[in-house]
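Just below is one structure, and these are the notes that go with it.
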Number of protein chains: 2
Amino acid sequence: MTKKSSKSVTADQYPLKKTQDDVVYEHIFEAVLEQRLAPGTKLNEESLAEIFAVSRTIIRRALSRLGHEQVVELRPNRGAIVATPSAAQARKIVLARRVIEKAVIELVIDNVNSEQLQLLRQSVDSEKQHFERGDRGAGIRQSGEFHLLLAKIADNPPLLSFQRSLVSQCSLIIGQYENSPQSHCSYDEHYQLIAAIEQGDKVSAATLMSHHLDHIENKLSLDEQQSTDNYLKSVFSDI
Amino acid sequence: MTKKSSKSVTADQYPLKKTQDDVVYEHIFEAVLEQRLAPGTKLNEESLAEIFAVSRTIIRRALSRLGHEQVVELRPNRGAIVATPSAAQARKIVLARRVIEKAVIELVIDNVNSEQLQLLRQSVDSEKQHFERGDRGAGIRQSGEFHLLLAKIADNPPLLSFQRSLVSQCSLIIGQYENSPQSHCSYDEHYQLIAAIEQGDKVSAATLMSHHLDHIENKLSLDEQQSTDNYLKSVFSDI
DNA sequence: GTTTAAATTTTTGTATACAAAAAATCAAAA
DNA sequence: TTTTGATTTTTTGTATACAAAAATTTAAAC
């Protein structure tokens with residue numbers, strides 16, 4: 001369990017009256033982001049119902065929402081599993097993120113105020129701390145929160161909700177494809193991004209963001225290559 | 001009831017085994033797109049359950065999904081109503097669509113084949129027919145289908161699912177803010193767009209798409225102004 | 001020992017009953 | 001007449017029972 005951040009990230013037009021399925025949803029969502037739930041893990045309804053001390057009705061609602069955001073895969077009559085995006089799917093998710101992040105960062109530069117810049121800095125500070133403490137899961141989640149915070153500052157609910165889905169899917173991808181733990185020190189780039197935002201430099205910001213996503217995508221290609229190699233090796237293992 | 005199009009537009013990784021809530025979802029979705037369900041209409045669970053001859057469980061699942069796509073507004077303990085985006089919200093939705101459509105159209109130009117061009121033409125033909133027959137509702141829906149077809153050809157499931165949500169929200173907006181029925185002859189611009197795609201002209205295509213969205217946004221400003229005028233008038237009606 | 005088929009168990013899908021909240025109705029007071 | 005408060009009705013939220021499907025186990029045949 002990790003601490004609750006002060007402000008909700010969802011587009012909450014209705015006050016903070018969190019329904020039971022919201023709570024379940026957020027717990028599972030966070031577990032996926034922190035990679036405590038590995039891709040492919042079966043999410044048994046009754047087990048979850050016991051864990052959260054609610055009925056299956058509530059669990060099903062939460063899973064349905066997670067399914068809609070592509071965080072879990074809903075297989076008719078066969079239950080839900082944590083999504084396992086293929087390299088090809090991952091590539092498309094990253095592409096979609098390129099599109100959204102570029103738009104978001106430009107909107108942020110147009111809208112941002114000093115208070116929000118402070119929030120951004122705090123977010124990256126927290127991310128850095130998690131990584132330095134060796135809590136990679138929390139670090140990756142906090143990294144995601146940084147990008148969600150950007151979308152929030154961009155002040156466009158549809159983009160935010162899309163970003164939410166993309167960020168969680170990217171966390172899954174990172175968890176699946178990025179093996180070297182030391183390589184994921186995104187917070188450095190995040191600080192640079194904040195600087196570019198502060199200076200109102202759209203071109204630099206967009207370039208930085210693009211590099212940031214390149215890192216994810218490169219890992220992907222590498223891993224894809226490896227998998228192919230291993231696959232061929234296993235096929236001809238008797239030679 | 002309108003004819004089913006040959007191919008499903010949803011990202012269907014699982015075969016065509018439509019569940020009951022899918023059917024309910026699609027019916028309500030289509031009714032919203034065709035503006036047979038006006039913005040603000042209360043969607044009573046029990047009434048819908050009777051109409052579709054299923055239990056409330058199914059209805060709630062369908063409404064939950066529609067709520068997630070922002071097609072209906074889910075008010076805790078107060079039921080669902082067809083969404084009624086304000087002018088400010090509408091502007092943000094249109095902005096999000098600008099972002100997505102630009103990306104989609106460029107992907108389409110990179111990927112499209114002659115068979116898909118044919119599908120695009122058929123879609124606009126159908127749209128034109130609906131408008132010429134005076135069936136504005138079906139026309140608007142078919143116009144939406146054209147844009148969903150583009151996203152489908154772009155071959156990026158996350159963008160497609162986002163587009164789906166945006167297109168339906170735009171239909172709501174058009175229904176709310178566009179009063180002059182003759183003005184909505186988008187199919188002309190759609191034909192031009194196909195031509196630009198065929199020629200691989202990304203710049204023209206993007207420009208056309210942008211104009212297309214300008215039309216929606218202009219209507220919005222006009223109506224916003226009118227509402228304000230009326231509001232002021234009503235406030236000072238005793239003078 | 002492996003494969004196939006039947007029986008059993010588990011799990012998901014749907015309907016429904018009941019609880020909780022909101023809306024509507026009605027009655028009394030100003 | 002309008003307003004306020006209590007009562008009733010309606011509607012939503014949740015749990016649960018049962019049905020249907022899938023997974024697992026068991027048993028038999030090869």
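Numbered from 1 within each chain, the chains take letters A, B, ... in sequence-line order. Bear in mind the structure is a predicted one, so any value in this text is a computation, not a measurement.
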Mark up nucleotides 5-10 of chain C, 5' to 3', with B wherever a protein heavy atom is under 4.0 angstrom from a base atom, S wherever such an atom reaches only the sugar-phosphate, and - elsewhere.
------
Does B/Phe29 have B/Arg65 sitting over its ring (NZ/CZ under 6.0 Å from centre, angle to axis within 45°)?
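The answer is no; the distance or angle limit is not met.
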Given that B/Arg78 and A/Arg78 both sit by DNA chain D, which one's nearest nucleotide is further toward the 5' end?
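Going by which nucleotide is closer to the 5' end, it is B/Arg78.
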Atom-to-atom span, [atom1] of [X] to [atom2] of [N] - whole angstrom:
X       : N      : atom1 : atom2 : value
B/Asn77 : C/dA22 : CG    : C1'   : 7 Å
A/Glu46 : C/dT12 : CD    : C1'   : 10 Å
B/Ile81 : C/dA22 : CD1   : C1'   : 15 Å
A/Leu48 : C/dT11 : CG    : P     : 12 Å
A/Asp21 : D/dT14 : CG    : P     : 6 Å
B/Arg75 : C/dA21 : CZ    : P     : 17 Å
A/Glu45 : D/dA23 : CD    : P     : 14 Å

Pick from B/Arg78, B/Arg61, B/Arg56: which one makes a salt bridge (charged side-chain N to carboxylate O under 4.0 Å, His left out) with B/Glu45?
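By the salt bridge (charged side-chain N to carboxylate O under 4.0 Å, His left out) criterion, B/Glu45 pairs with just one of B/Arg78, B/Arg61, B/Arg56: B/Arg56.
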Count the heavy atoms belonging to other residues, nucleotides or ligands that lie under 6.0 Å from CD of A/Glu46, then report whether that count exceeds 12.
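Check fails, neighbour count at 12 or below.
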Please test B/His68 against A/Glu69 for side chain to side chain contact (heavy atoms under 4.5 Å, CB included), starting from the C-alpha separation and ending with a verdict.
CA-CA 9 Å; B/His68 198 269; A/Glu69 290 180 5; 3.2 Å; yes
Quick one, A/Ile93 with A/Ile173, criterion side chain to side chain contact (heavy atoms under 4.5 Å, CB included). Give me CA distance, side-chain angles, the key distance, then yes/no.
CA-CA 9 Å; A/Ile93 292 163; A/Ile173 292 166; 3.9 Å; yes
Given the rule in the side chain to side chain contact (heavy atoms under 4.5 Å, CB included) test, do A/Tyr25 and A/Leu63 qualify, once you have shown the distances and angles that lead to the verdict?
CA-CA 7 Å; A/Tyr25 164 86; A/Leu63 289 178; over 6 Å; no
Can you find a side-chain donor-acceptor pair between B/Ser165 and B/Gln169 that sits under 3.5 Å?
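Per modelled atom types, B/Ser165 and B/Gln169 side chains form a pair under 3.5 Å.
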Distance only, no hydrogens: is a donor on one side chain within 3.5 Å (strictly under) of an acceptor on the other, for A/Gln163 and A/His147?
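Judged by distance alone, the side chains do not pair up.
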Any side-chain N or O of B/Gln20 below 4.0 angstrom from OP1/OP2 of C/dG13?
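Negative; the distance criterion is not met.
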OP1 or OP2 of C/dT12 less than 4.0 angstrom from a side-chain nitrogen or oxygen of A/Lys42, does that happen here?
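Looking at the OP1 and OP2 atoms of C/dT12, one of them is under 4.0 Å from a side-chain N or O of A/Lys42.
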Which residues within residues 49-64 of chain B lie with some heavy atom under 4.0 Å of an atom in DNA chain D?
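Those residues whose heavy atoms fall under 4.0 Å from DNA chain D, taken from residues 49-64 of chain B in numerical order, are B/Arg56, B/Arg60.
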Go through the steps for B/Ser123 and B/Gln142 under the test side-chain hydrogen bond (donor to acceptor under 3.5 Å, both in side chains), then give the verdict.
CA-CA 7 Å; B/Ser123 173; B/Gln142 189 62 39; 3.3 Å; yes
N/O donor-acceptor pair under 3.5 Å between B/Asp21 side chain and B/Ala62 backbone
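Looks like no, no N/O pair under 3.5 Å.
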Can A/Phe162 and B/Leu166 be said to form a side chain to side chain contact (heavy atoms under 4.5 Å, CB included), step by step?
CA-CA 10 Å; A/Phe162 192 34; B/Leu166 291 174; over 6 Å; no
Five-pair end axes of the helix from C/dG1-D/dC30 to C/dA30-D/dT1 and the angle they enclose, rounded to 10°:
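The two end axes of the helix from C/dG1-D/dC30 to C/dA30-D/dT1 meet at 10°.
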